Amino acid sequence: MLKRMIHFLLLPCSQTTLLIEMQQSGQLSFIQKLRLKLHLAICKWCRAYQKKSAYLDKILLKNIHKENIEIINDFDIEQLKGKIREKIKNN
Amino acid sequence: MVDHLHIFDQWVEDYSEALMRRALYLLSDRQDAEDLVQDVFIAAFDSYPTFKGNSTPLTWLMHILKNKTADFYRKKYRNDNLISLDYFFDETGSWKDEAIIQEWSSEDQNLMDDPEFTTTMQHCLEDLPPKWKIPVKLYYLEEKKAPIVCQEMGISPTNLWKILQRSRLQLRACLENNWFHIQN
Ligand SMILES: [Zn+2]
């Protein structure tokens, strides 16, 4: 019974990284929070990963609003406008 | 009707580029992005009577673009399976990748404002499979509102977490190889 309890509480690292995702989005249930906390208390690998993961999260949130930075030239845009106008007319 | 056409002519003039940039960002393919933008304008033209003017035309068009992206995603990736975690974890679910324990050298604000780092990060993001990339980008565009992304993309929360988990594992590895130069 105790063994089963421990097995239930101590997730493998693969599943812990999933809980880390949910934590970053504020979507963990009470039990999930507990399981994550217990795992992190004993696993230095996941602790290291959690730190990196939080950092990636911060960067992505900050930089995501950058639209495509590739150069789209005016000619391509003008052509696209032409195609759209054509389609609207024939619609 | 004539009015309607006139307004659209102006919208095509004013918003095509912004829509194209967003579409290209989300789909990473020029032809797909062009097709999507055309679909957006056609859909907008057809449902113009429902446009209340509560939002700006661009906001409205961007909203349609998001719906069209979700349609595109569902059609294209409906039958794809997620890539397994075998690359990162062994059969007991323990880390395979020793590099995980090594700290990143310069986790500070400077790095976030470093354009070279940002470029490396963008490349790593673009290297993700399209099946993951689109939800990841939408997740951050929606400021991490997971339920909204799931609803729009028609994917379950579990799938979204798995996509984010796998993407982040891969982004981490990509940055360690290309920026932090951590040896395995
Ligand atoms: Zn662990």
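What you see is a predicted model, and the numbers here were worked out from it, not measured in a lab. Quick note on labels: first sequence line is chain A, next is B, and so on, each numbered from 1.
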ask   = Is the B:Trp95 ring parallel, tilted or perpendicular to the A:Tyr49 ring (thresholds 30°, 60°)?
value = tilted

Interatomic distance, CD1@A:Ile84 vs CH2@B:Trp11, rounded to 0.5 Å, equals 13.0 Å

From the list B:Arg168, B:Glu103, B:Arg172, side-chain contact (heavy atoms from CB on, under 4.5 Å) with A:Lys52 holds only for B:Arg172

Next on the checklist: Using the rule that Ile, Leu, Val, Met, Phe, Trp and Tyr join whenever any side-chain heavy atoms are under 4.5 Å apart, tell me whether B:Val136 and B:Ile148 fall into a single cluster.
Outcome noted: no

Nearest heavy-atom contact between B:Arg30 and A:Asp76 is NH1-OD2, 3.4 Å

Cut-off 4.5 Å, heavy atoms of chain A, and the answer for B:Leu175 is side chain

The side chain to side chain donor-acceptor pair (under 3.5 Å) partners of B:Glu17 (sequence neighbours excluded) come to B:Arg21

Check: Salt bridge check: are A:Lys62 and B:Asp113 linked by an N-O gap of less than 4.0 Å?
Finding: yes

Heavy atoms of A:Ala48 and B:Ile100 approach each other most closely as CB-O, 3.4 Å

Whatever's closer than 4.5 Å to a heavy atom in chain A on B:Leu26 counts as neither

Cut-off 4.5 Å, heavy atoms of chain A, and the answer for B:Pro147 is side chain

For the residue pair A:Ile59 and B:Phe117, establish whether any side-chain heavy-atom pair is separated by less than 4.5 Å. yes

Across all chains, not counting sequence neighbours, the side-chain contact (heavy atoms from CB on, under 4.5 Å) partners of A:Lys87 are B:Gln38, B:Ile42

Checked B:Thr92, B:Leu171, B:Leu169 vs chain A; the most non-hydrogen pairs under 4.5 Å come from B:Leu169

Turns out that what part of A:Gln24 lies under 4.5 Å from chain B's heavy atoms comes down to both

_With a 4.5 Å cut-off on side-chain heavy-atom distances among I, L, V, M, F, W and Y, is there a chain of contacts connecting A:Leu38 to A:Ile42?_
yes

Note: A:Ser14 and B:Gln165 closest approach over all heavy atoms is O-NE2, 2.7 Å

ask   = Side chains of B:Ser94 and A:Trp45: closer than 4.5 Å at any heavy-atom pair?
value = no

In this structure, CZ of B:Phe8 is separated from NZ of A:Lys89 (nearest 0.5 Å) by 14.0 Å

Interatomic distance, CG@B:Asp97 vs SG@A:Cys13, rounded to 0.5 Å, equals 12.0 Å

Given A:Asp57, A:Leu56, A:Ile88, A:Ile20, the one with more heavy-atom pairs under 4.5 angstrom with chain B than any other is A:Asp57

Would A:Leu60 and B:Lys137 count as a side chain to side chain contact (heavy atoms under 4.5 Å, CB included) if you check the C-alpha gap in whole Å, the side-chain angles of each, and the deciding distance to 0.1 Å? CA-CA 9 Å; A:Leu60 283 168; B:Lys137 286 176 175 174; over 6 Å; no

Under 4.5 Å between any side-chain heavy atoms of A:Thr17 and B:Phe89, yes or no? yes

When the 4.5 angstrom heavy-atom criterion is applied to B:Phe88 and chain A, the contacting part is neither

- Query: Under 4.0 Å between a Lys/Arg side-chain N and an Asp/Glu carboxylate O for B:Arg166 and A:Glu21?
  - Reply: no

Per side-chain contact (heavy atoms from CB on, under 4.5 Å), B:Ser16 is matched among A:Arg85, A:Glu78, A:Lys83, A:Lys81 by A:Lys81

Turns out that what part of A:Leu18 lies under 4.5 Å from chain B's heavy atoms comes down to both

Query raised in the report: Just wondering, more than 12 heavy atoms not from B:Tyr87 lying within 6.0 Å of its OH?
Result: no

If you tally heavy-atom pairs under 4.5 Å between each of B:Ile101, B:Asp39, B:Asp46 and chain A, the highest tally belongs to B:Ile101

